Amino acid sequence: MKQGFSPRRRLVLGLLGAGGALACGWAALPPRQRLHAAFSDPAAQSVALNGWVQIAPDGQIIVMVHRTEMGQGIHTGLAMLVAEELEVSLSQVRVQPAPPDPIYANLTAVVDMLPFHPDDDSLSRRLTDWLMLKTAREIGLQLTGGSSGIRDAWQGLREAGAFARGLLVQAAAARWKVAVDACAARDGRVWYQQQSFSYAELAADAAKQQISSVQLKPASAFRLIGKPQQRLDAHAKSHAQTTFGIDVRLPGMLFAAIRMPERFGQQLASMDAAAIRQHPGVQAVVDVSADVGQGGYPGVAVVADSYWQARQAADALPVVWRGGDPDLSSEKIRAQLEQALTPAAAHVYHYKGDARGVLVNPEGRRILKAEYSAPFLAHAAMEPISFTAHLHDDKLELWGATQVPTVVYKLAQHLTGLPAKNIVLHELPAGGAFGRRLEADMVRQVIAIAKAVKGRPVQLIWNRSDDMQHDMYRPAAIARFHAALNEDGTIAAWENLSASASIAHQFTQRLLGLPGMGPDKSTAEGEYDLCYQISNQQISHAIVHSDVPVGYWRSVGHSHNAFFKECFIDELAAAAGVAPLEFRLRHLKPGSRHEAVLKRLAETREPAPASQAWGVALHACFGSVVAMAALVSVQADQIRVHRIRVVADCGLVVNPNLVQQQLESGVVFGLSAALFGEITIEGGKVRQSNFHDYPVMRITDLPQIETVLMPGGDMPQGVGEIAVPPVAPAVANALAALTGQRLRNLPLRLHSVR
């Protein structure tokens, strides 16, 4: 077992040792401000009051949004923060993607990567958090992920709105030659007695004002925050007026289809471009492998006048691949994971007491063991991968959706040799992403193609099988549990050992060119940060190299670790002869958020009808706590989920509509994975190719979903991913109660009992 120093101390020593000089240098710098951007657009007609807020000539408030809209409603939520402090209605606001600048960095997501236990309030944790914040500020990584959009913006965007309000009020007071305190902002105007100026009238003067501090509104004065608001993008999306990446059309645009390796690890050996030169519309055949490098899949793109022509020619292109492991299979990967499930290979993420000692010498306590597994999963967003590029006149323009615009800009500079000022990214909303657009492999490919057809815009489109078979997958994982029960039915000891590939190791190599090393929180999150009060516990994880590329998938490690953990909790409850909900309550800290949501769930749940059963699960992630109950039956050997009840404590709720939508979305996404989701490897390649063999929930099969939002704290917590993890264990626990069968492998299939 890899112990020695405690996990926390090893992490701190690693940061101070490996990055010591850099950390010390950054520590000497003053705090980086997050209000004023270095970037400016001299051609803009609007007046910028800070890096976040601009006022257009027509009086519209332009909010620079620094997170990608992927269907989660983040642009509406971010706009609400500014509108609240600026005293305008949401209808007076329009959003615009933020330019590349360090003030738009995602600090919360970076700090969340640290593998500290939730109860850890040590000096070493505070020091490490501080160092990571400094690092994140200097790197300036714009990133959408980790359910961090509102959490990260909560303070900064409100300050930006309040700062702009202060400038406008001061400008109005100067015009009237009255005290600032005598003026007030309301409904997009500044008032003094019966006189008022619109924000548009004051904007130019306000931009010249100086103020040293701002006063944020107290929660008691909120007029928007906490109340349901319609999404800013609702009308455009419902009227087919939204332009997604795949919708981009430019004068003279070409289209590219891609051929990528059949097996993982293959490289291009040869191709016969001449064989398709005479195909209708074909303009070029481009080997993108050199520019892709280690950042994605190599391949050959066929460029034509239309996508159909490009696709047909690409499918007909004679291509020879070399390398790859023809024996790679799901069974082989599972065997590798099982082989790694040894204490010597694992990193200990958390320990307390002496779990091993209790389990070796149980002294009459009941011992239980179990093994769980989860497969690879694809992102399978409704909008397939696409990106558009136009290299012309020493300038590169890009159109598409990305969760990492900072990386896209840096990558474009590296691949073209152009300065940053000559690169423009037109950020567009994504038709779903779920973590897939944290990658930049499609950007590498389209830039390589644009270089080959310089002077004309080109759009790269992957078809559904391209997308399904060349993803960065949710890792396959295995977890073993070993626990001891006291005579009173409480848990005496808990040992959890799991194995999977490391997303962080691969991700840093692909996107940053840095070697992956050290522990990866995402592998063990949802396991090591137990909410249950257990005196003796040890949670460890073994990282196993994967030939299958893995990436961040909605809720990441929580997505399968919650299934492992919550199902085993149910097994222990059954062994103790205690109802699952009561068993959980016995192991929760009195007065905790976890206890509160579980008790609220108990209050809302009625007895199951005949031939049906309820299952429960409790999970915390991204700062929020969710309790879930699933009502399940079995009909003609098929699992049917009738109702899902969700009780969530996600802190202060900015927009109840958005939160409810995200909880419902998470349930549907989680059900698809729990009941159907499975990527299988055979002969070195993915077997699934489309929704016929990688099904998702159909609307006719959806359960009734009920959501309850608990009154929260003084700031928002994560929302976008929190409903995914508890779905699978709630359904599996209901099935165990109904049928007596304990399904320990995902997806849930009644014939797969081990």
Side-chain angles (χ1 to χ4, degrees), residues 34-35 49-55 59-65 73-95 108 149-173 176 178-203 206 209 211-232 623-624 649-660 709-717 719:
R34 299 191 71 191
L35 195 58
L49 300 185
N50 53 59
W52 304 91
V53 179
Q54 299 177 16
I55 300 180
Q60 282 277 296
I61 309 301
I62 301 173
V63 176
M64 309 304 289
V65 290
I74 188 62
H75 285 184
T76 302
L78 295 175
M80 286 178 64
L81 303 183
V82 172
E84 181 69 75
E85 294 291 345
L86 199 47
E87 298 291 3
V88 296
S89 68
L90 201 55
S91 63
Q92 291 174 264
V93 177
R94 70 173 184 259
V95 298
T108 300
I150 297 293
R151 286 191 293 156
D152 187 68
W154 172 247
Q155 186 76 13
L157 271 184
R158 290 175 61 218
E159 287 179 355
F163 183 86
R165 168 170 41 91
L167 293 176
L168 291 161
V169 170
Q170 189 161 292
W176 286 314
V178 299
V180 170
D181 292 347
C183 304
R186 187 174 68 253
D187 299 327
R189 304 183 72 87
V190 179
W191 293 81
Y192 171 66
Q193 297 179 356
Q194 301 304 312
Q195 306 175 66
S196 70
F197 289 113
S198 71
Y199 286 176
E201 293 174 293
L202 295 168
Q209 300 294 318
I211 57 175
S212 57
S213 62
V214 297
Q215 184 68 41
L216 297 180
K217 292 170 65 174
S220 59
F222 287 163
R223 297 197 297 170
L224 293 175
I225 292 174
K227 300 175 178 62
Q229 306 293 328
Q230 186 180 51
R231 288 175 58 147
L232 294 176
S624 296
D649 177 352
C650 47
L652 187 150
V653 175
V654 172
N655 187 336
N657 277 352
L658 295 181
V659 174
Q660 182 178 354
L709 301 180
M710 299 285 285
D714 56 2
M715 71 170 292
Q717 299 298 332
V719 170

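Since this is a predicted model, take the numbers as computed values, not measurements.
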For residues [X] and [Y], report the shortest heavy-atom separation together with the two atoms involved.
X	Y	result
Ala160	Val53	O-CG2, 4.0 Å
Ala79	Leu232	CB-CD1, 3.7 Å
Ala185	Val169	CB-CG2, 4.1 Å
Pro656	Gly226	CG-O, 3.6 Å
Val654	Pro716	CG2-CG, 3.8 Å

Polar side-chain atom of Glu201 near backbone of Ser198 as donor-acceptor pair, under 3.5 Å: yes

Donor-acceptor pair, side chain of Asn655 and main chain of Gln229, under 3.5 angstrom: yes

Can you find a pair of side-chain heavy atoms, one from [X] and one from [Y], that are under 4.5 Å apart?
X	Y	value
Ser196	Val190	no
Ile62	Ile55	no
Val93	Met80	no
Thr108	Trp154	no
Val63	Trp52	no
Val719	Leu658	no

In Å and rounded to the nearest 0.5 Å, what is the [atom1] to [atom2] distance from [X] to [Y]?
X	Y	atom1	atom2	answer
Leu652	Leu709	CG	CG	11.5 Å
Arg94	Gln54	CZ	CD	9.0 Å
Glu159	Leu81	CD	CG	11.5 Å
Ile150	Leu78	CD1	CG	4.5 Å

For Trp176, all residues meeting ring pair (Phe, Tyr, Trp, His ring centres under 6.0 Å), sequence neighbours excluded: Tyr192, Phe197

Tyr199 vs Leu86, side chain to side chain contact (heavy atoms under 4.5 Å, CB included): CA-CA, chis, key distance, verdict: CA-CA 10 Å; Tyr199 286 176; Leu86 199 47; 3.9 Å; yes

Within 6.0 angstrom of Gln230 CD, more than 12 heavy atoms from elsewhere: no

Step-by-step side chain to side chain contact (heavy atoms under 4.5 Å, CB included) determination, Phe163 to Leu35: CA-CA 9 Å; Phe163 183 86; Leu35 195 58; 3.6 Å; yes

Residue pairs involving residues 80-91 (criterion side-chain hydrogen bond (donor to acceptor under 3.5 Å, both in side chains); sequence neighbours excluded): Glu84-Lys217, Glu85-Arg158, Glu85-Arg165, Glu87-Lys217, Glu87-Arg223, Ser89-Ser91, Ser89-Gln92

Contact list for residues 74-83, test side-chain hydrogen bond (donor to acceptor under 3.5 Å, both in side chains), sequence neighbours left out: none

Step-by-step side chain to side chain contact (heavy atoms under 4.5 Å, CB included) determination, Val178 to Cys183: CA-CA 8 Å; Val178 299; Cys183 304; 3.6 Å; yes

Derivation of the side chain to side chain contact (heavy atoms under 4.5 Å, CB included) call for Arg231 and Asn657: CA-CA 9 Å; Arg231 288 175 58 147; Asn657 277 352; over 6 Å; no

